[in-house]
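Some notes on the structure that comes next.
What you are looking at is a predicted structure, and each value in this text was computed from that prediction instead of being measured. Chain letters run A, B, ... following the sequence lines, proteins first and then strands; every chain starts at 1.
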2 protein chains.
Amino acid sequence: MLSQRRESILKGIIGEYLATAVPVASLTIARIGTLGVSPATIRNDMALLEEEGYITHPYTSAGRVPSDKGYRYYLEWLMPLEALSLPYRRTILHQFHQVEGDIDEWAHLAATLLANTTNNLAIVTIPRATQPRLRHLEVLLIHPDRALLVAVLGGARVRRQVLRLTDPVSQDRINAVVLLLNDELQGLRGPQIADKSALLPNLERQIAEATARILSAEESLQLGEPIIEGRRYLMTQPEFYGGARMQELIEVLEGENPIEAVPLNTLEENSITVMIGSENSITAMQSFSVVVARYGKRSGLTGGVSVIGPTRMDYGRTIASVKYLAGVMGRMVENSSD
Amino acid sequence: MLSQRRESILKGIIGEYLATAVPVASLTIARIGTLGVSPATIRNDMALLEEEGYITHPYTSAGRVPSDKGYRYYLEWLMPLEALSLPYRRTILHQFHQVEGDIDEWAHLAATLLANTTNNLAIVTIPRATQPRLRHLEVLLIHPDRALLVAVLGGARVRRQVLRLTDPVSQDRINAVVLLLNDELQGLRGPQIADKSALLPNLERQIAEATARILSAEESLQLGEPIIEGRRYLMTQPEFYGGARMQELIEVLEGENPIEAVPLNTLEENSITVMIGSENSITAMQSFSVVVARYGKRSGLTGGVSVIGPTRMDYGRTIASVKYLAGVMGRMVENSSD
DNA sequence: ATTAGCACTCTCATTGTGACAGTGCTAACC
DNA sequence: GGTTAGCACTGTCACAATGAGAGTGCTAAT
């Protein structure tokens, strides 16, 4: 627990540093005027704050810079709660209702809005049911031995796949088979479909097996393909500008599983989590902070909304934005789920 | 037309510069040994090449660097034709056949492969029929007044949209309506469906109108959402590493219409085009080169395969890769089109 | 036309310098 | 005891000077 004045000093340092990105001097804090003490006194307190790890200075005679621990303290105790302005929330909602699309498009919109309001990189993942069920099956012949299989799953998700048939068939035959299969398989999950398919005749089996594969693939993904927006903001951050830390992060974001940059799995739904710098578990993220929220019901459809930026980010605004957009996404999903 | 020797010198400079990224000196060229003349002679020729604009040097006493014009000459006259090795082509084909997916997945695969073999950024666009037709329509009720509309278009494309109905209906009623609509609308294009819809009763009209909108939206997009892979390679290029040129490009690639970085519209199908540095029309690309090919038939499904890198790129390998993958994509599309 | 020779030019890394910013400490003060 | 003025101290930063090195451009000889 810090004394009243030291808290003010820490708050001042962080406020100033967020605004200017320049180490802040004791004189600067004194000039803010709310403390009524001299720079020397502030220096004494700064020395103490530094001893306890809330701030550092890059070299002997530079101003002070908040440490990860300092940001954490600020977040926990000092930061004023912030909310997006009503008109701005209205604009956002309006845009969501404009888009007559599906979950994918909403997620794109959310990511874009988030990136632009926070001036940082935003990642939104599309919700997936942990146990997707088949809602409807459709098969269209492309060539005599090649068919397009369209599977509609719970939660307005549509998956398609080109299927190679061992023997040529007609569309009529397909239609008959699919009609039956729909009766048989509707509402089932991947493994159940796989079980049933073993007993079916050749053509039916091929279709059912492919369907089962689609469902299993869906299930094995805990989270959908993440949508990343606002890479440019990350690149223009003066403190990274082409540095090695950024390279590392880009590599993760471009890699197999970009979402691992964000600790989504550990989250409760409807709560918001902030990881500051070294608090992040993966090394590529140690110089960045992430603000993340999970939306949707854990049992059903669940996805994540997150922002990645430098530790020197406007946490208030970012948290407000992430929270709000996670809420919006949650409601959108709720309304369209089955 | 350059003399034999000057061509050799230009070729030597480019070869050396591609390999090392360092301005190349007359001595270096002499040491290659194929010319049998002294560095002084080479210097004379270099002065001439420079006068004609094929090379420059950054300052008085640095080696020579190829100019855009120099690269162009190299490309046109000097570059040995290259093809991907047979085993490598086999690996690629194998991977395509492994992916039992649809066009989107092939495009992703193509972009990833291209980025990784050329060590540069790759953009692949998904083919779109300029005049898409409706193949099949499916409507599933989510809520009593909200339905998921799934439209299957020509070329294995599936589009979906959540549709708000003015009045609640049952799935049975929907099924009956959709059965009829499928008969009515199959094989038609957007405007034709729009025409028909005007005459239909309420529920039918809503569905048909939404379908027409989907088709029109599809048509208005000349090219699909581009798939971009390998951003990291661009960032690690030593000559740009956080520079302003790169920023500009990233901004274009992140913007509304990233594909405008690539001059796709002007291309013939099955031809390959290279734009070197200043030959590019948009300013953000002036320091980069792009190699691009169009695949598919212009009348039907058409998309693009392209690579963006520094002007100092391995044109031989890049062209070979782009050409090959455009060919593969073309065949994949052909096989799955209707 | 080619070449050896050499002066010349420009870069780059290193060092030095002074201005400057801001601290840390000490001693005085309330 | 907490606060403050004063001042030495420490580090950065921008700039200039220096010398080594690389490679050219020119000239005169072959």
Side-chain angles (χ1 to χ4, degrees), chain A residues 1-10 12-17 19-67 70 238-239 241 243, chain B residues 1-10 12-17 19-67 70 238-239 241 243:
Chain A
M1 209 66 238
L2 293 173
S3 80
Q4 177 66 41
R5 193 177 62 212
R6 283 182 198 133
E7 280 196 345
S8 299
I9 292 174
L10 179 57
I13 291 173
I14 291 182
E16 205 62 29
Y17 188 66
T20 62
V22 165
V24 356
S26 52
L27 186 66
T28 319
I29 295 298
R31 264 210 278 266
I32 294 177
T34 51
L35 285 168
V37 292
S38 80
T41 311
I42 293 173
R43 277 204 290 284
N44 287 334
D45 282 340
M46 279 176 160
L48 219 131
L49 282 168
E50 178 153 14
E51 205 166 294
E52 313 223 332
Y54 294 102
I55 52 180
T56 18
H57 53 188
Y59 51 92
T60 338
S61 130
R64 293 317 209 288
V65 168
S67 67
E239 48 258 74
Y241 206 72
Chain B
M1 211 64 242
L2 293 172
S3 81
Q4 178 65 43
R5 193 178 61 210
R6 286 188 194 127
E7 281 195 345
S8 300
I9 292 175
L10 180 56
I13 291 173
I14 290 181
E16 205 62 30
Y17 188 65
T20 63
V22 165
V24 355
S26 53
L27 186 66
T28 318
I29 297 296
R31 265 208 278 264
I32 294 177
T34 51
L35 286 168
V37 293
S38 80
T41 312
I42 292 172
R43 278 204 289 283
N44 287 333
D45 282 341
M46 279 177 160
L48 220 131
L49 283 168
E50 177 153 14
E51 206 167 293
E52 313 222 333
Y54 294 101
I55 51 180
T56 18
H57 51 185
Y59 52 90
T60 338
S61 129
R64 295 316 210 288
V65 168
S67 68
E239 49 258 74
Y241 206 70

Quiz item: So how far is it from A:Asp45 CG to A:Arg64 CZ, rounded to the nearest 0.5 Å?
Solution: 10.5 Å
Quiz item: To the nearest 0.5 Å, how far apart are CD1 in B:Ile55 and CG in B:Leu49?
Solution: 4.5 Å
Self-check item: Value in whole Å for how far the P atom of D:dT24 lies from CD of B:Glu51
Solution: 16 Å
Quiz item: Got a second to check how far A:Leu35's CG is from A:Gln4's CD, nearest 0.5 Å?
Solution: 9.5 Å
Quiz prompt | Interatomic spacing from CD1 in B:Ile13 to CD1 in B:Ile32 - rounded to 0.5 Å | solution = 9.0 Å
Quiz item: Taking A:Ser26 for the side chain and A:Arg43 for the main chain, is one N or O donor matched with an acceptor at less than 3.5 Å?
Solution: no
Quiz item: For the atom pair CE (B:Met46) and OG1 (B:Thr41), what is the distance rounded to the nearest 0.5 Å?
Solution: 11.5 Å
Quiz prompt | Under 4.0 angstrom between A:Ser38 side-chain N/O and D:dT3 OP1 or OP2 | solution = no
Practice problem: To the nearest 10°, let me know how far the axis at one end of the helix from C:dA1-D:dT30 to C:dC30-D:dG1 is tilted from the axis at the other, five pairs an end. | Solution: 20°
Self-check item: Spacing of B:Leu49 atom CG relative to D:dT24 atom C1', expressed in whole Å
Solution: 15 Å
Quiz item: Going 5' to 3' along nucleotides 8-27 of chain C, which nucleotides have protein heavy atoms under 4.0 Å from the base (write B), which only from the sugar-phosphate (write S), and which from neither (write -)?
Solution: -BBS---------BBBB---
Quiz item: If you round to the nearest 0.5 Å, how far is CD1 of B:Ile9 from CD of B:Glu7?
Solution: 11.0 Å
Exercise. Mind calculating the distance between CD1 (B:Ile42) and C1' (C:dT3) to the nearest angstrom?
Key: 12 Å
Quiz prompt | Close side-chain approach of B:His57 and B:Val65, heavy atoms under 4.5 Å | solution = no
